[in-house]
Amino acid sequence: MSKSFYVTTPIYYVNDVPHIGHAYTTIAADVIARFKRLQGNSVFFLTGTDEHGQKIETTAQSNGMTPIELADSVVTRFQDLSGLLNITNDDFIRTTEERHKISVEEIFRRVEKAGDIYLSEYEGWYDVRNEAFITETQLEELMAIPEDKRPKIEKVKEESYFFRLSKYQEPLLEHYKKHPEFVQPRYRLNEVVSFVEGGLRDLSISRTTFTWGIPVPGNPKHVIYVWFDALTNYITGVGFPKNEEMFNQNWPADVHLVGKDILRFHAVYWPAFLMSAGIELPKTVFAHGWWTVEGEKMSKSLGNVVDPYQVVDEFGADVFRYFLLREIPFGQDGDFSKSAIVARVNGELANGLGNLVSRTLGMIEKYFDGQVPEPEELFEDDKNVRDQALAMLDVFEKEMDEIAFHKALVTLWDYIAYVNKYVDESAPWTLAKEKNEARLGTVLWTIVQAIGVVTILIHPFMPESAEKIWDRLGCPESINSKLLSDAKEWGIAKSGQLVEKGQSLFPRFDDK
Ligand code: ME8
């Protein structure tokens, strides 16, 4: 069996409930997973939660809970996102699981065996919120931030195990050179390269001042640094170290999707750990941008944190999914606002797609008792609708393979606009008046085929709406069984099958 396509999200901290940022990465990963399945690949899609570390321990304490009680109470909010947002993850990993402990201990031992771990003393600063050791330059940058806005940092002096990160400076630079696709988008690679060229110091990978973590094998006074623990989830999730068959089937990961905030951990530390342990490196780390809310940074103190449960309640999962991936080029930053969602719904979903489907199916109900008509002779215009679909499919596929969601959606919506124009110009209502049944049937048949193609392509983005449209088209098999190659066969909707116009797919919102 050929290797599965393996896609991951970051594992999220359970010190807080999910917000739009978490939903964003998970939705993006889901669209990739669904699209890869549509191409006929077997796919493994992993998400989960990061449950160890000082931050979780402190948050639990201040809530009068034990860390595991906190984790158990918050994790369901993350797990329930899958149902809420129609996420098709194959597994959900929690770093407090036994399988993960075994995996972290194993990779730690391998790195130790490679001679890359030594005991020394760490003296410096630690940023608890980001669970990161702070370098001299970072300290200067932090000190430049006004004290009330600065993340809480603390001075640390303790015995610590170190990882010989410095040894991997050259091998990493070589890897980036040989595999420039390792970090995407491309402009992010430059940031990573200059960070590494700036010099890598050995990394403290254990702590002794708190206990909430996986103990260092052989020295339980120390717990393993939370990032060493967390990054390892990506191999635990595919069976490391015990299930070799599963591991070989899935590893290396094809894409680790992450926010730009945690690129360094994924593009520098993680590959260095893996090199040391003698494990193949993931193919790509893709860092996406950051959402602000109504122009402001999202933060608890500003009280503007966007709850995905509320957005879905108001707009539905499909609209949320579509908006997040259409609004900003994947990789760049963007701004979230309700007015921006409403503009997309009214302009693109209701007017573009919804209108095309409802008027077409309405006319088939009216003129052909709901049965998809037989086509007669195809004219140039009708053939163009087909040829444009095939050309569009190629571009769409290429853009999806590049993880350029917004481009793929623009390509698709340009085609929808083109088909809407074909409807206007062919004016089926006039053909009906003129009793030109042959032309009328051919035109409506053509439009229905175009809708069939569009439906298969929107399925990864808007699964509920695609299923609804598919049912209304009267297609007998489930849309879930359809592949991209089926979209390339012009004639998905068969003559005679029964369509149904149904209720409005995307009700318009009042722009106020
Ligand atoms: O960093 N805009 O977990 P985390 C876009 N546990 N995406 C955002 C966002 C925003 N405003 N805010 C958060 C951690 N994200 C570690 C990861 S992985 C081995 C360990 C998304 O709960 C984005 O994907 O802080 C970011 O990388 C992630 O949430 C951070 O989640």
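Counting convention: from 1, in listed order, for ligands and their atoms alike.
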Per-atom contacts of ligand 1 with [X], taking only distances under 4.0 Å to non-hydrogen atoms:
X      : result
Thr25  : 21 (C), 23 (C), 24 (O)
Asp50  : 6 (N), 16 (C), 20 (C)
Met298 : 11 (N)
Ala230 : 19 (C)

Short N or O distance, [X] and ligand 1, threshold 3.5 Å exclusive:
X      : result
Trp291 : yes
His266 : no
Ile11  : yes
Tyr12  : no
Asp261 : yes
Ile262 : no

Judged by non-hydrogen atoms, does [X] sit under 4.0 Å from ligand 1?
X      : answer
His288 : yes
His19  : yes
Trp270 : no
Trp227 : yes

So which heavy atom in the protein is nearest [atom], and how far is it from that ligand atom?
atom                    : value
atom 25 (O) of ligand 1 : Tyr13 CD1, 3.5 Å
atom 29 (O) of ligand 1 : His22 CD2, 3.5 Å
atom 5 (C) of ligand 1  : Gly289 O, 3.5 Å

Validation row: [X], [Y] side chains within 4.5 angstrom (heavy atoms):
X     : Y      : value
Tyr6  : Trp251 : yes
Ile68 : Trp212 : yes
Phe35 : Phe405 : no

Subject >> Which segment of Tyr234 sits under 4.0 Å of ligand 1 when only heavy atoms are counted >> reply: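 Contact part for Tyr234 vs ligand 1: side chain (C-beta onward).
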
Are [X] and [Y] within salt-bridge range, i.e. N to O under 4.0 Å?
X      : Y      : answer
Asp254 : Lys36  : no
Asp116 : Arg110 : no
Glu402 : Lys398 : yes
Glu159 : Lys221 : yes
Arg94  : Glu51  : yes

Original post:
Using the ring of each side chain (for Trp, its six-membered ring), is His266 parallel, tilted or perpendicular to Tyr234, with breaks at 30° and 60°?
Top reply: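 Taking Tyr234 first and then His266, their aromatic rings sit tilted (interplane angle of 30° to 60°).
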
Sequence neighbours left out, cut at 3.5 Å: what donor-acceptor pairs do the side chains of residues 7-15 make with other protein atoms?
from: Thr8; atom 1: OG1; to: His256; atom 2: ND1; distance (Å): 2.8
from: Thr9; atom 1: OG1; to: Thr47; atom 2: OG1; distance (Å): 2.7
from: Tyr12; atom 1: OH; to: His22; atom 2: O; distance (Å): 3.3
from: Tyr12; atom 1: OH; to: Thr26; atom 2: OG1; distance (Å): 2.9

Original post:
Any ring-ring contact (aromatic ring centres under 6.0 Å, His included) pairs touching residues 86-113, not counting sequence neighbours?
Top reply: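 Residue pairs with at least one partner in residues 86-113: Phe108-Phe228.
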
